Novice: 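Pasting a structure here, questions to come.
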Amino acid sequence: MSVLVFAELDNGSIKKSSLEAIYYGSEVAKAKGTSTTVLAIGESNSDALAIAGKFGANKVLWASDARLNSASIQAYSSVLAEAVGATSAEFIILAKSSLGDAVSARVSAKLKASIVSNVVDLPDFSNGVTVKRSIYTGKAFATVALTADKKVIAIKKNAVNVVEGDGSASVENFAPALNDTDFAVKVTGTHKASGQVSLPEADLVVSAGRGLKGPENWGIVEDLATALGAATACSKPVSDLDWRPHHEHVGQTGIKVSPNLYIACGISGAIQHLAGVNSSKVIVVINKDPEAPFFKAADYGIVGDVFDVLPRLTKAIQASK
Amino acid sequence: MKILVCITNVPDTTAKISFTDGDTKFNKTGVQYICGPYDDYALSRAVELKEQHGGTVTVLNVGEAESEQVIRKCLAIGADDAIRVNTEPTDSYFVAEQIAHIASQENYDLILMGRESIDFNSGVVHGLVGEMLGIPSLSPVMKLEIDGGVAKMTREIEGGKEDIEASLPLVLGCQEPIAEWKIPNMRGIMSARTKPLKVVEPVGVGLTITEKYALPAPKGAVKMIPAEEAEKLIDLLKNEAKVL
């Protein structure tokens, strides 16, 4: 029995959310007196993968077959299931993401494994294996027991406080058997904004709503985000109006984020919006309406005009660097 | 074309969440139930595809008798018949087992559902069902066209989207803007009363047990900063909240 972490790569490097999953996995391994193996799939290099050691991994299995360079859900699931067999893993840990959801689901069906998603804390081993997970879009939590032999745990961002160490991990090639039927889905085009901080991965998020009055005013939001190194997000009305792309929409029916800091500018704070952001560690609300419901969910608030306040905050950050 | 649409019966997005029986049960008192918003998109697209290509739309719900109001609404929107698996949907794997069991008895070209349920938000049932049936699964799909036996789709990915093609059959998790939400009209509501709704008993067992629920700790009071001193916020975020 051991712990296996599925790590996602972005341009060959392990994604930040996956480094958190590796650390989470190593804490599980520590509690169970076993070792942590990481599975990385796709283009990368040994140095980039060895970083996993700093987050507690003992070994990295690297599946570098060229056919795996684009993320095929079925192929990745087959590779992960084979790695579970090769490592006799009892725990399969990964970060919740669109690829993570898809791969973990298929692997769980292959292995008849218990699967729990949106996990927000380390497991409790005092009576079997239980985890705390977020439910009702962050409005509540549930304690869930995993009863099958194999256990798949998909963690939410900030599920564990990562402490980077100085360990090192060996990197081994992993050559799984690949089946043509695993490549039946063809990706014919990708449209991705480049050079931006990825919203689900971001520690800091600057989000804006209808209070910005129009898409042409987004410059002050982007300036603040750039000064902070933050990702930009928006409320549902803004994405419905096509002021901003759908993948920036945060809320009940959009992306759920749990960054360290969420700055909401000109967003009133409807319950559906709060559902997508209420796991953020610190929430700042800037709104000219002192009655905006968002202030009740905030840690810091400024009653003021975003067109005045945002540029001043940007300047203050630039000055403090 | 035969389409199966899996729907959830879930508390309204504005529902106040609370628990009873020593925090072991969801408190349904005063809670309005709806068809999951993402499931609504899946159903609307299924009805549109039926209008374009012919065929049937079957609605499937894993839930107890209280789901039937929402199931009837789906029939009113344009589904032809419905199946309810008579059990509480307690675990993703268990729900997927029910869907795969029903789906394996018919040759569906498409199995559509919402990208996630809005009560447990796991977003894994489509993947589980796809693997159980041995067919591809994709989510979240925001555009779906059928051309012959091939589905042309757009899927949201982190920071953008990608175009995908795959042969039917497929399992898809759907989200906006795949279709316009449909509102049932009077004729639909009348005909829904007599459309077949079959109730079947569940198979298999779940692989997780939810033991207890909890609400988040109440938020402390908000610290207000006067607008004319807005710059102080940066100092507070650095030295008090320690997030910068």
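Quick caveat: nothing in here was measured; it's all calculated off a predicted structure. Residue numbers start from 1 in every chain, and the chains themselves are labelled A, B, ... in the order their sequence lines are given, proteins ahead of strands.
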Novice: With a 4.5 angstrom heavy-atom cut-off, which part of A:Asp10 approaches chain B: side chain, backbone, both or neither?
Specialist: neither
Novice: Which atoms of B:Tyr38 come close to chain A, meaning under 4.5 Å heavy atom to heavy atom: side chain ones, backbone ones, both, or neither?
Specialist: side chain
Novice: So, A:Arg133 and B:Ser122: side-chain donor and acceptor under 3.5 Å apart, yes or no?
Specialist: yes
Novice: Only pairs of heavy atoms separated by less than 4.5 Å count here; which of A:Ala140, A:Ser117, A:Ala316, A:Gly189 has the most with chain B?
Specialist: A:Gly189
Novice: By a 4.5 Å heavy-atom criterion (distance strictly below it), what part of B:Met142 contacts chain A: side chain, backbone, both, or neither?
Specialist: side chain
Novice: Which atom pairs, one a donor and one an acceptor, fall under 3.5 Å between side chains of residues 123-138 of chain B and the rest of the protein, sequence neighbours left out?
Specialist:
| residue | atom | partner | partner atom | Å |
| --- | --- | --- | --- | --- |
| B:His126 | NE2 | B:Arg115 | O | 2.8 |
| B:His126 | NE2 | B:Ser139 | OG | 3.3 |
| B:Glu131 | OE1 | A:Arg106 | NE | 2.9 |
| B:Glu131 | OE1 | A:Arg106 | NH2 | 3.3 |
| B:Glu131 | OE2 | A:Lys110 | NZ | 3.1 |
| B:Ser137 | OG | A:Arg106 | NH1 | 2.7 |

Novice: Does any heavy atom of chain A fall under 4.5 Å from the side chain of B:Ile118, the backbone, both, or neither of them?
Specialist: both
Novice: Report which part of A:Val282 has an atom under 4.5 Å of a heavy atom belonging to chain B: side chain, backbone, both, or neither.
Specialist: side chain
Novice: Only pairs under 3.5 Å count here: list side-chain donor-acceptor contacts from residues 292-300 of chain A, not counting sequence neighbours, and write none if there are none.
Specialist:
| residue | atom | partner | partner atom | Å |
| --- | --- | --- | --- | --- |
| A:Asp299 | OD2 | A:Ile283 | N | 2.7 |
| A:Asp299 | OD2 | B:Lys219 | NZ | 3.1 |
| A:Tyr300 | OH | B:Glu240 | OE1 | 2.5 |

Novice: Report the C-alpha separation of A:Lys256 and B:Glu116 in whole Å, then their side-chain angles, then the decisive distance to 0.1 Å, and conclude whether the salt bridge (Lys or Arg N to Asp or Glu O under 4.0 Å) test is met.
Specialist: CA-CA 12 Å; A:Lys256 288 82 176 169; B:Glu116 65 185 45; 2.8 Å; yes
Novice: Can you tell whether the side chains of B:Glu162 and A:Lys186 come within less than 4.0 Å, N to carboxylate O?
Specialist: no
Novice: Establish, from distance only, whether the side-chain atoms of A:His246 and B:Glu176 form a donor-acceptor pair under 3.5 Å.
Specialist: yes
Novice: Using heavy-atom distances under 4.5 Å, tell me whether B:Ala15 contacts chain A through its side chain, its backbone, both, or neither.
Specialist: backbone
Novice: Using a strict cut-off of less than 4.0 Å between a Lys/Arg side-chain nitrogen and an Asp/Glu carboxylate oxygen, indicate whether A:Lys112 and B:Glu97 qualify as a salt bridge.
Specialist: no
Novice: Indicate the atoms forming the closest heavy-atom contact of A:Ala142 with B:Tyr213, along with that distance.
Specialist: CB-CD2, 3.9 Å
Novice: Is the shortest side-chain heavy-atom distance between B:Ile209 and A:Thr130 below 4.5 Å?
Specialist: no
Novice: Under 4.5 Å from any heavy atom of chain B, what part of A:Gln252 do you find: side chain, backbone, both or neither?
Specialist: both
Novice: Please determine, by modelled atom types, if A:Gln272 and B:Thr13 share a side-chain donor-acceptor pair under 3.5 angstrom.
Specialist: yes
Novice: Can you name the residues that form a ring-ring contact (aromatic ring centres under 6.0 Å, His included) with A:Phe141, not counting sequence neighbours?
Specialist: none
Novice: In terms of heavy-atom proximity below 4.5 Å to chain A, should B:Lys242 be classed as side chain, backbone, both, or neither?
Specialist: neither
Novice: For A:Val129, is it the side chain, the backbone, both or neither that has a heavy atom under 4.5 Å from a heavy atom of chain B?
Specialist: neither
Novice: Please classify the contact between A:Ile135 and chain B as side chain, backbone, both or neither, with a heavy-atom cut-off of under 4.5 Å.
Specialist: both
Novice: Is there a donor-acceptor contact under 3.5 Å linking the side chains of A:Thr188 and B:Asp163?
Specialist: no
Novice: Quick check: closest heavy atoms across A:Ala113 and B:Tyr93, and the distance to 0.1 Å?
Specialist: O-CD1, 3.9 Å
Novice: Write out, in numerical order, the residues from residues 18-25 of chain B with a heavy atom short of 4.5 Å from a heavy atom in chain A.
Specialist: B:Phe19
Novice: Examine whether an atom of A:Leu313 lies under 4.5 Å from a heavy atom of chain B, and if so say whether it belongs to the side chain, the backbone or both; otherwise answer neither.
Specialist: both
